[in-house]
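Have a look at the structure below, then the notes.
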Amino acid sequence: MSSDISFGPPAQEWHYTPSTRTYDLSGGSTKKVTLPATQGVDGILFKIAPESTALVIVDMQNFFLDSKCMDHPNGLKAVEPTIKVIQKCRESGIQVIWLNWGLTDYDMTTLPAGVQHGFMKDTIHKTTTGTRPWIGLGTDLGDSKGRCLFAGTWNADIYPPLKAHVEPTDLHCMKNRMSGLWASEQPLWKTLKEQSKSTILFAGVNTDQCVLGTFVDGYNAGWNCILVDDCCGTTTEGAKEVTFRNVASCYGFVTNSESLIAAEVV
């Protein structure tokens with residue numbers, strides 16, 4: 001019988017047991033949740049510790065999900081599974097964190113041109129049809145929607161069906177880039193460190209953009225990163241499959257809401 005394989009720094013080792021095809025990411029916790037990896041090599045399981053895990057919900061905001069701003073059918077499909085996962089995480093002792101765009105006037109003086117460019121398609125290409133949400137970060141979207149993704153505006157608020165499930169114990173972090181973990185000064189980075197969270201479950205939109213950007217930065221900084229398949233959505237055709245494949249082969253693990261909801265803390 002093959003012996004266990006251990007790797008990683010002492011405070012955050014992973015242990016792999018070949019006989020059960022199980023990775024233990026729990027850091028020696030006495031309470032663990034075992035989940036199946038739904039992408040990548042068949043039959044893989046992984047264990048996490050609820051007390052050192054956070055569910056980070058990325059950009060489930062009016063700007064991305066409300067039809068007054070844009071059409072996002074895949075993002076809307078992710079709402080109901082996300083609500084169920086939120087409830088399960090609370091029952092299991094997993095911290096819920098809402099990570100949203102929340103720009104300030106100061107941010108607008110430091111935002112790189114490349115970041116701004118991604119939100120200016122409608123302005124640059126002079127589109128005349130549809131809702132035209134891509135007119136620029138910080139630009140007034142009109143009709144009382146507020147400045148694009150500015151903190152405190154309607155468009156930057158959490159999408160109402162999800163906001164109805166926010167509780168006082170939840171934590172809220174603003175970001176000013178596609179990634180919420182692009183620098184150690186970012187609120188999410190500080191919050192995860194202060195809360196002693198070593199593992200992150202990711203949900204939100206867009207799968208291949210802000211979710212993946214934060215995921216990869218978290219992976220590079222040393223967090224254990226897990227993508228919850230059906231709690232994510234994107235408008236980019238084919239991006240979901242490529243993202244899941246890269247996550248499963250390089251960056252961490254993919255699971256789904258059904259597996260999370262069925263899992264027990266033991």
Side-chain angles (χ1 to χ4, degrees), residues 56-79 82 97-164 166 170-183 185-191 202-217 232-237 239-240 243:
V56 174
I57 304 163
V58 184
D59 291 354
M60 298 292 256
Q61 298 166 273
N62 287 325
F63 178 80
F64 298 103
L65 297 179
D66 193 285
S67 61
K68 291 191 285 292
C69 291
M70 70 177 69
D71 183 26
H72 201 319
N74 291 326
L76 294 176
K77 286 179 186 176
V79 170
T82 300
I97 301 177
W98 301 87
L99 175 67
N100 292 319
W101 280 95
L103 295 171
T104 65
D105 285 317
Y106 175 75
D107 289 329
M108 295 306 300
T109 68
T110 61
L111 274 176
V115 175
Q116 296 190 44
H117 176 259
F119 287 80
M120 296 178 67
K121 294 188 285 283
D122 288 320
T123 296
I124 289 172
H125 300 295
K126 302 186 185 304
T127 59
T128 57
T129 58
T131 52
R132 299 188 77 248
W134 309 109
I135 58 175
L137 291 168
T139 303
D140 192 341
L141 296 171
D143 298 324
S144 301
K145 298 189 203 65
R147 296 174 68 185
C148 183
L149 294 176
F150 244 65
T153 62
W154 173 86
N155 79 91
D157 201 2
I158 297 170
Y159 185 57
L162 285 159
K163 189 174 181 179
V166 173
D170 296 352
L171 300 175
H172 299 263
C173 296
M174 297 294 103
K175 65 183 178 72
N176 55 13
R177 298 288 193 279
M178 298 284 267
S179 168
L181 289 171
W182 69 276
E185 296 79 17
Q186 289 300 296
L188 180 61
W189 187 302
K190 292 180 179 179
T191 297
F202 283 89
V205 296
N206 281 304
T207 312
D208 54 319
Q209 297 172 27
C210 290
V211 177
L212 182 62
T214 308
F215 192 108
V216 173
D217 281 343
C232 298
T234 184
T235 56
T236 308
E237 186 175 353
K240 170 183 172 178
T243 298

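Scope of the values below: all heavy atoms of this structure, side chains included, with no hydrogens, waters or symmetry mates. Each residue takes its place number in the sequence, starting with 1.
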Quick one, Trp98 with Leu171, criterion side chain to side chain contact (heavy atoms under 4.5 Å, CB included). Give me CA distance, side-chain angles, the key distance, then yes/no.
CA-CA 6 Å; Trp98 301 87; Leu171 300 175; over 6 Å; no

Could you check whether any side-chain N or O of [X] sits under 3.5 Å from a backbone N or O of [Y], counting only pairs where one atom can act as donor and the other as acceptor?
X: Asn74; Y: Thr234; value: yes
X: Thr207; Y: Gly233; value: yes
X: Gln116; Y: Leu111; value: yes
X: Asn62; Y: Trp154; value: yes
X: Thr191; Y: Leu188; value: no
X: Asp217; Y: Ser179; value: no
X: Thr214; Y: Gly180; value: yes
X: Gln61; Y: Trp101; value: yes

Using the side chain to side chain contact (heavy atoms under 4.5 Å, CB included) definition, which of the options Thr153, Leu149, Ile135, Thr131 pairs with Leu141?
Ile135

Have a look at Phe63 and tell me which of Tyr159, Phe150, Trp134 forms a ring pair (Phe, Tyr, Trp, His ring centres under 6.0 Å) with it.
Trp134

Any pair counted as salt bridge (Lys or Arg N to Asp or Glu O under 4.0 Å), so long as it reaches residues 116-129, sequence neighbours left out
none

What pairs of residues pass the salt bridge (Lys or Arg N to Asp or Glu O under 4.0 Å) test when at least one of them lies in residues 60-71, not counting sequence neighbours?
Asp66-Lys68

Output yes when [X] and [Y] qualify as a salt bridge under the 4.0 Å nitrogen-oxygen rule, no when they do not.
X: Asp157; Y: Lys163; result: yes
X: Asp140; Y: Lys145; result: no
X: Arg177; Y: Asp107; result: no

Residue pair Met60 / Asn100: nearest heavy atoms and the distance that separates them:
N-OD1, 3.8 Å

